[in-house]
Participant: 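Quick one: the structure is below, and I'll ask about it shortly.
Convention: sequence-line order gives letters A, B, ...; per-chain numbering from 1.
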2 protein chains.
Amino acid sequence: MLPGLVGYALRRAQVAVFQDFAREMAAMRVPVTPGEFGILVLVSRNPGLSQTALARAIGVDRSTLVPILDRLERHGLIKRHPSPTDRRSHALELGAAGMALLPLYEAAVRRHERRIQRRLRAGEGGALIAALDLLLDGATSR
Amino acid sequence: MLPGLVGYALRRAQVAVFQDFAREMAAMRVPVTPGEFGILVLVSRNPGLSQTALARAIGVDRSTLVPILDRLERHGLIKRHPSPTDRRSHALELGAAGMALLPLYEAAVRRHERRIQRRLRAGEGGALIAALDLLLDGATSR
DNA sequence: GGAAATTGTTGGCTCCCCAAACAATATCTC
DNA sequence: GAGATATTGTTTGGGGAGCCAACAATTTCC
C-alpha cells in the first residue's frame, strides 16, 4: 500500500532532501537549516521586517521564532534593531556575518538544488514545483 | 529566490499534507501519525518482524522506535511477542485493536490521499510519486 | 484617558530524532 | 566447548522544532 501513496513518497523525499541540504551546509563556517536559510532570504529582501510579520510569512508561531532568531543573532547573521515607529517591535536586518555569508548560502543552495534534481529531466523541476503547490492547495483549503 | 526552489516547495507541501493527515485521523478512536501508520502497515504485511529490521525498513535508529512501539502497544495496536528463535528479539504482530483499526486507518488514508490530490489532474499523482522518487534518488546517491 | 489589542519573550508541553552505554543473548573462532 | 565478538532492545541524555498560555511594555481605539 505504502509505495502508492503521495504522502509517503513526499515524506521520504523530504527527509532525503533535508539531509542533502545539511550535507551541503556542513562545509560552511556557520551551517544553517532550510528554515533558517528561508529566514535569511526573507529578511534580506524585506529589511525592517518585524518578528510577527516574519512568523506569519513562514507560517510558525511568534514564540517559535524567538530561539531561532536568538541563534542567528548570536552568530551575527541577523540583527534586531529597535523599530523607529514602534518601540515594542524589532526591525530585522542582516548582520555583518549574514551579509557576508548569504551569497555563499545561496550558492550552496543552488548546488544542492542541482544535485537533488539531477535525476529529473530538463524542465521537470518546474512541473514538480507546480504539482507540489497544487498538493499544498488541496491539503490546505477547505 | 525561495519560490523557485524544489526543496522549499517540498517542505511547504509536506507540512500541509501532514496537517491534513492529522485532521483526517482526529476522528479515530486512536489517532496515529503518518509514521505510525507506516509501521502498522509494515507489521501487518510482515508479521514477526524484529524491531531492528523495522527500524532499518523505515530508516530510523533502533532507539527511536522504542517509545513509538511503546505507545502503539499501550493502545493494543501492536504486540511484542517473544521470538521463537532468538530470545533477545521481539516478533512484532498486530494487536487486537490494530487488527480492528487498521482497515479504518487505511480508509482514512485513502480519503486523505484523494483530498490532497484533488487539485491534480487524473494520473498526475503517479507522475508526482515518480518525480519524488527520482528526487530521493538524486539526494541520496553519491 | 481608559479599554482593548499587539509585540516579543518566557515557561511548559509534545513530538521526533540521534548517539552512547548496558545487560542479555547469539554467533563466531579457535 | 570456551572465550571473544556481535547483535537486540532499552535507557539515558541531548538537540531541534513546534504549539499554547501568560506577561510586561507599548500602541491603538473609542
Side-chain angles (χ1 to χ4, degrees), chain A residues 7 10-12 14-19 21-23 25-26 30-39 43 48-75 78-93, chain B residues 10-12 14-23 25-26 30-39 43 48-75 78-93:
Chain A
L10 193 58
R11 219 154 54 86
R12 302 203 336 152
Q14 216 273 331
V15 169
V17 165
F18 189 94
Q19 281 172 352
F21 189 100
R23 211 177 316 146
M25 278 297 162
V30 182
V32 295
T33 66
E36 291 169 342
F37 173 72
I39 289 174
V43 168
L49 204 64
S50 77
Q51 296 189 190
T52 298
L54 176 58
R56 198 139 8 124
I58 62 178
V60 300
D61 194 86
R62 298 198 313 285
S63 62
T64 302
L65 217 47
V66 174
I68 300 174
L69 294 181
D70 284 350
R71 176 177 179 279
L72 293 178
E73 190 168 34
R74 194 166 353 113
H75 290 97
I78 62 149
K79 283 186 70 173
R80 291 191 246 223
H81 290 285
S83 157
T85 65
D86 186 336
R87 295 201 307 181
R88 292 169 305 179
S89 86
H90 292 156
L92 299 175
E93 315 266 357
Chain B
L10 194 58
R11 219 154 53 85
R12 302 202 337 151
Q14 217 272 330
V15 169
V17 165
F18 189 94
Q19 282 171 352
D20 185 86
F21 189 99
R23 213 178 316 147
M25 277 297 163
V30 182
V32 294
T33 65
E36 291 169 341
F37 173 71
I39 289 174
V43 168
L49 204 64
S50 77
Q51 295 188 192
T52 298
L54 176 57
R56 198 138 10 124
I58 62 177
V60 301
D61 193 87
R62 297 195 317 286
S63 62
T64 301
L65 218 47
V66 175
I68 300 174
L69 294 180
D70 285 351
R71 176 177 179 276
L72 293 178
E73 190 168 33
R74 193 166 354 113
H75 289 96
I78 62 150
K79 282 185 69 172
R80 290 192 248 225
H81 291 285
S83 156
T85 65
D86 187 336
R87 294 203 307 182
R88 292 169 304 178
S89 85
H90 291 156
L92 300 176
E93 315 267 355

Participant: So does B:Arg12 have more than 12 non-hydrogen atoms from other groups sitting under 6.0 Å from CZ?
Facilitator: no

Participant: So do A:Gln14 and A:Leu10 actually touch side chain to side chain, heavy atoms under 4.5 Å?
Facilitator: no

Participant: Under 3.5 Å, which donor-acceptor pairs link side chains of residues 56-72 of chain A to any protein atom two or more places apart or in another chain?
Facilitator:
residue: A:Asp61; atom: OD2; partner: A:Ser63; partner atom: N; Å: 2.9
residue: A:Asp61; atom: OD2; partner: A:Ser63; partner atom: OG; Å: 2.7
residue: A:Asp70; atom: OD1; partner: A:Arg80; partner atom: NH2; Å: 2.1
residue: A:Arg71; atom: NH1; partner: A:Glu36; partner atom: OE1; Å: 3.1
residue: A:Arg71; atom: NH1; partner: A:Glu36; partner atom: OE2; Å: 3.0
residue: A:Arg71; atom: NH2; partner: A:Pro31; partner atom: O; Å: 3.2

Participant: Going by side chain to side chain donor-acceptor pair (under 3.5 Å), name the residues that satisfy it together with A:Arg87, two or more places apart in sequence or in a different chain.
Facilitator: none

Participant: I'd like the 5' and 3' limits of the part of DNA chain C contacted by chain B, with heavy-atom contacts below 4.0 Å.
Facilitator: C:dC16 to C:dA26

Participant: Specify the residue among B:Arg56 and B:Pro67 whose closest nucleotide of DNA chain D lies further upstream toward the 5′ end.
Facilitator: B:Arg56

Participant: Set out, line by line, the N/O atom pairs under 3.5 Å between protein and nucleotides 17-19 of chain D.
Facilitator:
residue: D:dC19; atom: OP2; partner: A:Asp61; partner atom: N; Å: 2.6
residue: D:dC19; atom: OP2; partner: A:Thr64; partner atom: OG1; Å: 2.8

Participant: D:dG9 C1' sits how many Å from B:Leu54 CG, rounded?
Facilitator: 13 Å

Participant: At their closest point, which heavy atom of A:Thr33 faces which heavy atom of A:Phe21, and how far apart are they?
Facilitator: C-CE2, 3.6 Å

Participant: Between B:Gln51 and D:dT7, is there a contact of a side-chain N or O with OP1 or OP2 at under 4.0 Å?
Facilitator: no

Participant: The criterion is salt bridge (Lys or Arg N to Asp or Glu O under 4.0 Å); which residues satisfy it with B:Arg88, sequence neighbours excluded?
Facilitator: B:Asp86

Participant: Quick check on contacts: within residues 85-93 of chain A, what sits under 4.0 Å from DNA chain C by heavy-atom distance?
Facilitator: A:Arg88, A:Ser89, A:His90

Participant: Please round to the nearest 0.5 Å and tell me the distance separating atom NE2 of A:His90 and atom CG of A:Leu49.
Facilitator: 13.5 Å

